[in-house]
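Before any comments, here is the structure.
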Amino acid sequence: MQKSAAESILIISEVMMPSQANVAGNIHGGEIIKLMDSTAYATARRYARSNVVTARVDELEFHLPIFIGDLVICTGKVIFAGNSSMEIAVTVEVEDLEHEGRQRALSAFFTMVALDKKGRPNKVPELILTSDEDKLAFEQGQLRYESYKTKKRQKK
Ligand SMILES: CC(C)(COP(=O)(O)OP(=O)(O)OC[C@H]1O[C@@H](n2cnc3c(N)ncnc32)[C@H](O)[C@@H]1OP(=O)(O)O)[C@@H](O)C(=O)NCCC(=O)NCCS
């Protein structure tokens with residue numbers, strides 16, 4: 001089975017509330033990471049059509065602060081598919097709702113593993129790449145995948 005990277009895109013949005021912030025009004029990093037994990041989960045589950053779990057997070061970066069009242073737009077996209085694992089690029093954009101425009105606030109790569117009904121790693125569909133951007137993202141995801149495999153072999 002094959003599925004396209006472009007069609008895997010999934011977006012979750014949420015307005016940030018005071019209970020998610022510190023006393024200065026900055027939203028806690030963990031609140032945004034949870035939203036990113038939920039986005040990666042939903043993107044991967046819809047792609048694999050099975051249960052999925054988070055195995056790894058690479059290159060998590062906080063580019064901008066997020067404040068109470070901001071709209072957070074979290075986008076997930078499958079950029080690499082192995083045998084049972086998938087890499088989901090998750091980006092977070094922020095909009096303050098009183099001004100035009102969005103800015104990139106966070107980004108990360110989530111490795112999600114598809115599981116069958118017995119909790120064993122399960123084959124995922126092959127990823128179809130239709131643009132140069134998708135091909136580049138796939139190659140970069142493959143490098144992280146191979147780097148993990150090499151490190152794992154070296155630990156044995
Ligand atoms: C993810 C998990 C199912 C993998 O189990 P495993 O016995 O290591 O399975 P395998 O070695 O066969 O690996 C399965 C796939 O996951 C990938 N994988 C496993 N651990 C990984 C890691 N730490 N980083 C990146 N990829 C990983 C493997 O590369 C492999 O990919 P492939 O099938 O595409 O080649 C298992 O480690 C687990 O259940 N972890 C906890 C997950 C969880 O609970 N997450 C929520 C956090 S609270």
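- Taking CG from Asp37 and SG from Cys74, the interatomic distance works out to 9.5 Å, rounded to the nearest 0.5 Å.
- Around CD of Glu146, the count of heavy atoms belonging to other residues, nucleotides or ligands within 6.0 Å exceeds 12.
- Under a hydrophobic-cluster definition in which Ile, Leu, Val, Met, Phe, Trp and Tyr are linked whenever side-chain heavy atoms come within less than 4.5 Å, directly or via other members, Leu60 and Ile73 are assigned to different clusters.
- Taken from CD in Gln103 to CD in Glu95, the straight-line distance is 10.5 Å, to the nearest 0.5 Å.
- Between Val52 and Ala114 the shortest heavy-atom distance is CG1-CA, 4.0 Å.
- Residues Leu71 and Ile33 are members of separate hydrophobic clusters, defined by side-chain heavy-atom contacts under 4.5 angstrom among Ile, Leu, Val, Met, Phe, Trp and Tyr.
- Taking each heavy atom of Gly29 and Phe62 in turn, the nearest pair found is CA-CE2, 3.7 Å.
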Test side-chain contact (heavy atoms from CB on, under 4.5 Å) on Val53 and Leu115 and set out the steps.
CA-CA 8 Å; Val53 288; Leu115 302 176; 4.0 Å; yes

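- Here NZ of Lys34 is found 10.5 Å from OG1 of Thr39. Values are rounded to the nearest 0.5 Å.
- The minimum heavy-atom distance linking Phe110 with Met36 is given by the pair CZ-CB, 3.7 Å.
- With hydrogens and angles disregarded, a donor-acceptor distance shorter than 3.5 Å links the side chain of Asn22 to the backbone of Ala24.
- For the residue pair Asn122 and Ser84, no side-chain donor N or O sits within less than 3.5 Å of a side-chain acceptor on the partner.
- Cluster membership check: Ile9 does not share its hydrophobic cluster with Val78, using side-chain heavy-atom separations under 4.5 Å among Ile, Leu, Val, Met, Phe, Trp and Tyr.
- To the nearest 0.5 Å, atom CD of residue Glu139 and atom CD of residue Gln142 are 7.5 Å apart.
- Cluster membership for Val113 and Tyr41, using ILVMFWY side-chain heavy atoms within less than 4.5 angstrom, is not shared.
- In this structure, Asp70 and Ile68 have side chains that are not in contact, with every pair of non-hydrogen atoms separated by 4.5 Å or more.
- There is a path of hydrophobic side-chain contacts, each under 4.5 Å, that joins Ile11 to Leu97.
- In this structure, Asn26 and Pro65 approach most closely via the heavy-atom pair ND2-CB, 3.8 Å.
- Proximity of a side-chain donor or acceptor of Thr54 to a complementary backbone N or O of Arg56 within less than 3.5 Å is not detected.
- In this structure, the side chains of Val90 and Thr75 stay at 4.5 Å or more apart for every pair of heavy atoms.
- Contact between Val124 and Ala48 at its shortest, heavy atoms only, is CG1-CB, 4.1 Å.
- Exactly one residue among Tyr148, Phe138, Phe109 makes a ring pair (Phe, Tyr, Trp, His ring centres under 6.0 Å) with Phe80. That residue is Phe138.
- Taking the side chain as every heavy atom from C-beta outward, Arg102 and Val94 never approach each other to under 4.5 Å.
- Contact check on Arg104 versus Glu93 returns no salt bridge, with no Lys/Arg side-chain nitrogen under 4.0 Å from an Asp/Glu carboxylate oxygen.
- Note: His63 NE2 to Ser107 OG = 3.0 Å, rounded to the nearest 0.5 Å.
- In this structure, Lys77 pairs ionically with Asp134, as a charged nitrogen and a carboxylate oxygen lie closer than 4.0 Å.
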Starting from the C-alpha separation in whole Å, work towards a yes-or-no answer on side-chain contact (heavy atoms from CB on, under 4.5 Å) for Lys152 and Thr150.
CA-CA 5 Å; Lys152 193 177 174 189; Thr150 303; over 6 Å; no

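- Taking the side chain as every heavy atom from C-beta outward, Ile32 and Ile27 approach each other to under 4.5 Å.
- Under the 4.0 Å criterion applied to side-chain N and carboxylate O atoms, Glu126 and Lys3 are not assigned as salt-bridge partners.
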What's the verdict on side-chain contact (heavy atoms from CB on, under 4.5 Å) for Tyr145 and Glu87, showing C-alpha distance, side-chain angles and the deciding distance?
CA-CA 8 Å; Tyr145 172 81; Glu87 188 174 70; over 6 Å; no

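- Looking only at side-chain heavy atoms (C-beta outward), Met16 and Ile66 come within less than 4.5 Å of each other.
- Between the side chains of Gln20 and Glu14, at least one donor N or O lies within less than 3.5 Å of an accepting N or O.
- Expressed to the nearest 0.5 Å, how far CG of Leu106 lies from CD of Glu61 amounts to 9.0 Å.
- A pairwise comparison of heavy atoms in Ser8 and Thr43 identifies O-CG2, 3.4 Å as the closest pair.
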